[in-house]
There are 2 protein chains.
Amino acid sequence: MDTTQRTEQQRSADRRRRELLEAADRVVLREGPQASMNAIAAEAGITKPILYRHFGDKGGLYAALAKRHTDALLDSLRAAVDAPADRRERVEATLDTYLAAIEARPQVYRFLMHPAEGAPTGDQGFDVGKQWAPLLRRMGEELAQVIEERLDLGPGSQQLARVWGHGIVGMMHAAGDWWLGERPCSRAELVRSLADLLWGRLAAAGDKVGSPGF
Amino acid sequence: MDTTQRTEQQRSADRRRRELLEAADRVVLREGPQASMNAIAAEAGITKPILYRHFGDKGGLYAALAKRHTDALLDSLRAAVDAPADRRERVEATLDTYLAAIEARPQVYRFLMHPAEGAPTGDQGFDVGKQWAPLLRRMGEELAQVIEERLDLGPGSQQLARVWGHGIVGMMHAAGDWWLGERPCSRAELVRSLADLLWGRLAAAGDKVGSPGF
DNA sequence: ACTTGCATGTTACTTGCGGTAACACGAGTG
DNA sequence: CACTCGTGTTACCGCAAGTAACATGCAAGT
């Protein structure tokens, strides 16, 4: 009985929290990452202090929001990586999944990429790269794990896999960011070009005539 | 005569500007990218409005500051890319140059990466990826140019080169960021691993036993 | 029934930063 | 001597993060 009641309270709190997150989501989607706490509270039909009671500070809210989207995106990516197909196809599917996601919701994507914020007052510590972009870090780690599980890389494989994981994710991210801004080609072409890069076409390409002497 | 006086005045203004930039540099180096205009002005021994007269707004100051460092780093990178050596060595030298730079001055590097800012008031437009990270964009474009000049990539080479330029830069950046935070290996090992990735070892590696059926 | 406790909600405030207006001094020029 | 122009100041506005103090509704304890 009291259990049900307790869970009832907790459920209510959780539901509130989800509603707040969804409101925040809408505002961020509309106004971008610099959305103010006031705006988010207004969207949720309440006032600021409640947000602070639920999430501590702006960073907390953003972290919670980021976690939702990050989890969702990572699920999609896992599905693509785990698809039953050969390696090249899986790589292309993964790239395409990521690019489709950022194409569909640029605002969300942009929000996920720079929880820069930095505590506005106090906070001198700084610690480069520590809290930078959780999404990129998580993607890198997950990809590293997949690589290490699936590929036979000989000695030092774990470290190599991690470097590659973060490197590939960074490649995907930077290329996607640039592509989203300039739209120089179709998504399929971009995917193909990146996969070609990963497949060693850079090393295999011939020099152009008039390459530097020596 | 008046010419000398004019140039004298301009020189004086330019010197002031450089002094202000150096002061800003020290503050950013010490406090990170969220350094306040007040702090910078204090470091320079003056007050805020002068900064605004010289740089317009915070974005202007940051842009000027970023340009200095970006130009310097790009010069180093160009030297590495243009070294008289075979392709693999040049690629490794370029990676190493970049990584050495971010290793030497993490604060500066971190500052260069997120001029996120976003106009604090007004400004709904948003335009994803437009003003994101000038340094990454510039590096990507420059590398694309080098690739397109040097390599024979067949039809569509220009677009391919640009994708690769931004992709490689992103790979370097993300791997460097992660490496700087965790220091899981030496710089040389990181360089070697990344070059291996670019050389197609991902595609060449064998499957591990117990890979998913189908 | 009355009080206690707790979550939820409010208004009103403080602090700090980006940015600006208005004023003040010093030097060269008719 | 008046004029203006560059350099500097103080004092202010607006806005957003974050907090304190107060109000209310609802379950439980006696």
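Side chains are part of it too, since the values below use all heavy atoms of this structure and drop only hydrogens, waters and symmetry mates. Throughout, protein chains are lettered first and strands after them, A, B, ... in sequence-line order, and every chain is numbered starting at 1. All figures in this text were calculated on a predicted structure; none of them were measured in a lab.
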*Asks:* Take the C1' atoms of the five end pairs on each side of the helix from C/dA1-D/dT30 to C/dG30-D/dC1, get both axes, and report the angle to 10 degrees.
*Replies:* 30°
*Asks:* Please give, in whole Å, the distance from C/dA7 P to A/R15 CZ?
*Replies:* 17 Å
*Asks:* Between the side chain of B/E142 and the main-chain N/O of B/M139, is any donor-acceptor distance below 3.5 Å?
*Replies:* no
*Asks:* Send over the distance from B/F55 CZ to C/dT20 C1', rounded to a whole Å.
*Replies:*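 So the two atoms are 18 Å apart, to the nearest Å.
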*Asks:* I'd like to know if A/R17 and A/D14 make a salt bridge, using a cut-off of under 4.0 Å between side-chain N and carboxylate O.
*Replies:* no
*Asks:* Send over the distance from A/K58 NZ to D/dC15 P, rounded to a whole Å.
*Replies:* 15 Å
*Asks:* Side chains of residues 49-57 of chain A: which donor-acceptor partners sit under 3.5 Å, not counting sequence neighbours?
*Replies:*
from  : atom 1 : to    : atom 2 : distance (Å)
A/D57 : OD1    : A/G59 : N      : 3.4
A/D57 : OD1    : A/G60 : N      : 2.9

*Asks:* Under the ring pair (Phe, Tyr, Trp, His ring centres under 6.0 Å) rule, collect the residues that match up with B/W178, sequence neighbours excluded.
*Replies:*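 For B/W178 the ring pair (Phe, Tyr, Trp, His ring centres under 6.0 Å) partners, ignoring immediate neighbours, are A/H166.
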*Asks:* Please list, for nucleotides 8-14 of chain D, all pairs of protein and nucleotide N/O atoms separated by less than 3.5 Å.
*Replies:*
from  : atom 1 : to    : atom 2 : distance (Å)
D/dG8 : N7     : B/R53 : NH2    : 2.4
D/dG8 : O6     : B/R53 : NH2    : 3.0
D/dT9 : OP2    : B/T47 : N      : 2.9
D/dT9 : OP2    : B/T47 : OG1    : 2.3

*Asks:* Nearest whole Å is fine: how far is C/dA7 P from A/D14 CG?
*Replies:* 13 Å
*Asks:* Just list the side-chain donor-acceptor pairs under 3.5 Å for residues 64-72 of chain A, sequence neighbours left out, or say none.
*Replies:*
from  : atom 1 : to     : atom 2 : distance (Å)
A/K67 : NZ     : A/D71  : OD2    : 2.7
A/H69 : ND1    : A/L65  : O      : 3.4
A/H69 : NE2    : A/D25  : OD1    : 3.3
A/H69 : NE2    : A/D25  : OD2    : 3.2
A/T70 : OG1    : A/A66  : O      : 2.6
A/D71 : OD1    : A/R138 : NH1    : 3.0
A/D71 : OD1    : A/R138 : NH2    : 2.8

*Asks:* Check the pair A/D177 / B/R137 against salt bridge (charged side-chain N to carboxylate O under 4.0 Å, His left out), numbers first and verdict last.
*Replies:* CA-CA 10 Å; A/D177 188 69; B/R137 288 299 174 86; 2.9 Å; yes
*Asks:* Please round to the nearest 0.5 Å and tell me the distance separating atom OG of B/S193 and atom CH2 of A/W164.
*Replies:*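 The CH2 atom of A/W164 is 8.0 Å from OG of B/S193, to the nearest 0.5 Å.
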*Asks:* Between atom CG in B/L61 and atom P in C/dG19, what is the gap in whole Å?
*Replies:*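 My rounded result for the distance is 10 Å.
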*Asks:* For A/E92, give me all partners under salt bridge (charged side-chain N to carboxylate O under 4.0 Å, His left out), at least two apart in sequence or on another chain.
*Replies:* A/R88
*Asks:* Output the single nucleotide from D/dA16, D/dG18, C/dG18 whose closest atom is nearest the side chain of A/D57.
*Replies:* D/dG18
*Asks:* How close or far is atom P of D/dA17 from atom OH of A/Y62, stated in whole angstroms?
*Replies:*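 Distance, rounded to whole Å: 7 Å.
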*Asks:* Counting heavy atoms not belonging to A/E19, are there more than 12 under 6.0 Å from its CD?
*Replies:*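 Result for CD/A/E19: enclosed.
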*Asks:* Starting from P on C/dT10, measure out to CG on A/N38 and report it in whole angstrom.
*Replies:* 12 Å
*Asks:* For the pair made of OH in B/Y52 and P in C/dC17, what is the distance, rounded to whole Å?
*Replies:*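 Answer to the nearest Å: 11 Å.
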